[in-house]
Each structure stands twice: as C-alpha cells, then as structure tokens.
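Take a look at the structure set out below.
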Amino acid sequence: LHDLTVARKTEQMRVDFIANASHELRTPLAILVGSIETLLGPASGDVKAQARFLDIMQAQSSRMSHLIDDLLSLSQIEMEEHTRPSKQVNLNELLDSVTHMLTSKAADLGKRIDLDLSLDPITVIGEPDQLFQVFTNLTDNALKYGREQTSVAVKLKLLGNDVHVSIADQGEGISPEHLPRLTERFYRVDTNRSREIGGTGLGLAIVKHIVSRHRGQLEIDSVVGKGSIFTVKLPKI
Ligand SMILES: Nc1ncnc2c1ncn2[C@@H]1O[C@H](COP(=O)(O)OP(=O)(O)OP(=O)(O)O)[C@@H](O)[C@H]1O
Ligand SMILES: [Mg+2]
C-alpha cells in the first residue's frame, strides 16, 4: 500500500510538472504571437508602436529562454544526482565572483551586496558551476525580494565540521506556512507578483537538488516584515 501511494504521488508530481511547465511557456508565447499579429496588422505603419512591441517581444523571449535554461538545468542535475562531485572549490573565490556578477543588477534595483568572507580560504568538495548557481539563485532572490535601499549580506563561516554560507535580505519575509513548500518546482508565494518581477519558481528547486547532491542542507529562517536568511551548510573537507 505504501509503495503504491509513493508511486501515485510521483506520477502526480510528474503530471503537475509538465502542466506547469507548459503553462509557463504558453503565456509568453501567447504574448509573442499577439505582438506579431499586431506588428503585421494594426501597427504595420506605426514606427512608435513597432518599437514598443519589439520591446515586449524581447522581454517575453528572454523570459522563455530563462525558463528553458532552468528546465535544462533541472534535468541535468537530476541525471547527475547520484554521482558525487569531486573537485576542490574555493568558496571565497566563488562567492567573490557571484557577488561581482550581481553587482550591477543590485545597483539597478537600488540595493547593495555586502560580502563577509572568513579570513582563511575555505575549500569544499563540489561542482563549481553548480555551487555558483546555488549562490547566484539565492542572492538573486534576496535582491528581488528585498526592500529598496537595503543591502543583502552574504557571509561565509566555518562552524565545527560544517561550512555555512548565509544570504540575508531585508525584505518582506516568508510566513511559516509557505516554508515547507518553497523548494517545490514552480511554487511561488505570490504567483502574480513573482511573475511580474521575473520569477518562475524553479530557482529554489534547483538549489535544493544541488545542495543535496553535495550532501549539504538548506536552512530557511524568515520573519515576516523583516527579512529572510537562507543558509547552505556543506561538509568541510
Ligand atoms: N529572499 C526571499 N524573500 C521572500 N520570498 C522569497 C525569497 N526567496 C524566495 N522567495 C519566495 O519563494 C518563491 C520561490 O523562489 P524561487 O527562487 O524558486 O522562484 P522565483 O525567484 O520566483 O523564480 P526563479 O528563481 O525561477 O526565477 C518565490 O517566488 C518567492 O515567493
Ligand atoms: Mg529565484
């Protein structure tokens, strides 16, 4: 009986996943199709309208390509889930490059990233590209969901046999009933709002898979109205 329940649940998840992915792709596609029709029809002689519709088309195609990149990442990660990563990764350098990459995005959003690294370099066994994606996704969320004119704190610490990387924002926070579902694919606290600011709800699902491949843990602490702290714990070499 137990096995059957598990099998049903897995099947239901697969069905939901395909339905969600198709829906998320269909929305921008519908906007593209509509824009093309407008460009060919009513807007065919209107240079200003053409520029406006091309902007819309650019935004929607980049949304589709972001979604497809994330879907490909997920399937890649699932294929590799049972092979252990084996490279040495210097987390000081990795976090430095994540921060660098997101500095201009932070500035565009009116925010800052404060990087607090331990003095001595900390190294873990991992897959550098995947760990880069973990910290990029978490920092990206902190920037997206943080209040304006606030900063995101990225910290690296050694605690006993664990390496802790924490990413803290000063944002709206997440109420406790959402926490258990946050890493599910396509799960968003406020679907419309996330979609508006460019989120499909795959970022944390990717983070969870990668962290578990690294035999680590993801911990989420959040206070509504104050902010959230996402901590990745990885075993020290
Ligand atoms: N730092 C945060 N503060 C408040 N809410 C958050 C934070 N990080 C994530 N969330 C909530 O969790 C949801 C899932 O996050 P996730 O990163 O998986 O998706 P996303 O950011 O919406 O889209 P994507 O990462 O795929 O572009 C978000 O939609 C948001 O509601
Ligand atoms: Mg995200």
Side-chain angles (χ1 to χ4, degrees), residues 13 16-28 59-78 95 98-99 101-102 105-106 108-114 129-155 164-212 217-232:
M13 276 170 67
D16 288 349
F17 177 66
I18 293 174
N20 280 324
S22 315
H23 177 77
E24 289 298 328
L25 281 169
R26 201 170 60 177
T27 311
Q60 295 305 317
S61 36
S62 93
R63 184 171 149 194
M64 289 177 83
S65 87
H66 175 88
L67 177 59
I68 289 166
D69 285 346
D70 280 353
L71 290 171
L72 287 173
S73 289
L74 266 177
S75 74
Q76 177 79 23
I77 293 161
E78 278 187 336
L95 291 172
V98 168
T99 310
M101 195 192 65
L102 289 171
K105 178 169 184 172
D108 288 346
L109 293 167
K111 284 157 208 169
R112 273 186 321 147
I113 305 174
D114 292 330
D129 295 343
Q130 290 193 339
L131 290 177
F132 187 86
Q133 198 172 7
V134 164
F135 301 122
T136 305
N137 286 0
L138 293 176
T139 311
D140 179 69
N141 281 347
L143 290 171
K144 278 199 302 198
Y145 301 108
R147 280 186 303 277
E148 247 180 73
Q149 306 304 329
T150 59
S151 59
V152 167
V154 180
K155 273 190 197 143
H164 289 203
V165 179
S166 65
I167 290 134
D169 65 66
Q170 296 164 279
E172 66 214 54
I174 304 154
S175 63
E177 74 263 25
H178 293 292
L179 291 180
R181 301 198 57 193
L182 222 53
T183 57
E184 286 175 19
R185 293 165 185 199
F186 296 110
Y187 189 82
R188 286 161 292 200
V189 172
D190 179 343
T191 310
N192 289 329
R193 192 169 164 271
S194 288
R195 224 179 248 148
E196 232 167 73
I197 54 181
T200 40
L202 289 177
L204 287 178
I206 292 172
V207 166
K208 187 189 154 183
H209 270 284
I210 296 177
V211 170
S212 98
Q217 286 162 310
L218 174 69
E219 197 178 276
I220 310 172
D221 296 296
S222 191
V223 179
V224 173
K226 249 187 114 196
S228 312
I229 307 178
F230 286 73
T231 306
V232 175

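In listed order, ligands and their atoms are each counted from 1.
- For the pair Lys144 and ligand 1, the shortest N or O to N or O distance falls below 3.5 Å.
- For atom 29 (O) of ligand 1, the nearest protein heavy atom (residue, atom name, distance) is Ser194 OG, 2.8 Å.
- Protein heavy atom closest to atom 5 (N) of ligand 1, with residue, atom name and distance, is Ile174 CG1, 3.4 Å.
- In this structure, His66 counts as a contact residue of ligand 1, since one of its heavy atoms falls inside 4.0 Å of the ligand.
- Heavy-atom neighbours of Met13 CE from other residues, nucleotides or ligands within 6.0 Å: at or below the threshold of 12.
- Distance check, rounded to the nearest 0.5 Å: CG of Asp70 to CD1 of Ile206 gives 4.0 Å.
- Under the 6.0 Å distance and 45° angle rule, Arg181 does not count as a cation-pi partner of Tyr187.
- Under 4.0 angstrom from ligand 1, there are no non-hydrogen atoms of Val207.
- With values rounded to the nearest 0.5 angstrom, Leu179 atom CG is found 11.0 Å from Glu219 atom CD.
- Of all protein heavy atoms, the one closest to atom 13 (C) of ligand 1 is Tyr187 O, 3.6 Å.
- Other residues, nucleotides and ligands place no more than 12 heavy atoms under 6.0 Å from the NZ atom of Lys155.
- The protein heavy-atom contact nearest to atom 3 (N) of ligand 1 is Tyr145 CB, 3.3 Å.
- Once rounded to the nearest 0.5 Å, the distance linking CG of Leu138 with OG of Ser166 reads 10.5 Å.
- The Mg ion (ligand 2) has an N, O or S atom of Asn141 under 2.8 Å away, backbone or side chain.
- Going from atom CG of Leu72 over to atom CG of Leu67 covers 9.5 Å, rounded to the nearest 0.5 Å.
- Rounded to the nearest 0.5 Å, atoms CD1 (Ile167) and CG (Asn141) are 9.5 Å apart.
- Less than 4.0 angstrom separates some heavy atom of Ser228 from each of these atoms of ligand 1: 3 (N).
- The closest protein non-hydrogen atom to atom 31 (O) of ligand 1 is Val189 N, 3.1 Å.
- Every heavy atom of Gly171 sits 4.0 Å or more from the atoms of ligand 1.
- The ligand atoms of ligand 1 that sit less than 4.0 angstrom from a heavy atom of Leu182 are 12 (O).
- Taken from CG in Leu102 to NZ in Lys111, the straight-line distance is 12.0 Å, to the nearest 0.5 Å.
- Among protein heavy atoms, the minimum distance from atom 26 (O) of ligand 1 is reached at Leu202 N, 2.9 Å.
- In the displayed structure, Arg147 atom CZ is contacted under 6.0 Å by more than 12 heavy atoms of other residues, nucleotides or ligands.
- Scanning all protein heavy atoms for the shortest distance to atom 20 (P) of ligand 1 gives Gly201 N, 3.6 Å.
- In summary, Lys105 and Asp140 engage in a salt bridge, as defined by a charged side-chain N under 4.0 Å from a carboxylate O.
- Checked against a 3.5 angstrom limit, the closest N/O atoms of Gly199 and ligand 1 fall outside it.
- In the vicinity of Asp70, heavy-atom distances shorter than 4.0 Å reach the ligand 1 atoms 26 (O).
- At least one heavy atom of Asp169 sits closer than 4.0 Å to an atom of ligand 1.
- If you check which protein heavy atom lies closest to atom 9 (C) of ligand 1, you get Asn141 ND2, 3.6 Å.
- The side-chain heavy atoms of His23 and Phe186, taken from C-beta on, include no pair separated by under 4.5 Å.
- Taking any N or O of Asp140, backbone or side chain, none lies under 3.5 Å from an N or O belonging to ligand 1.
- Closest heavy-atom approach to atom 24 (P) of ligand 1 among the candidates Thr136, Leu67, Ile167, Thr200: Thr200.
- Any N or O atom pair closer than 3.5 Å counts here, and Leu204 shares at least one such pair with ligand 1.
- The environment of CZ in Arg188 is crowded: more than 12 heavy-atom neighbours from other residues, nucleotides or ligands sit within 6.0 Å.
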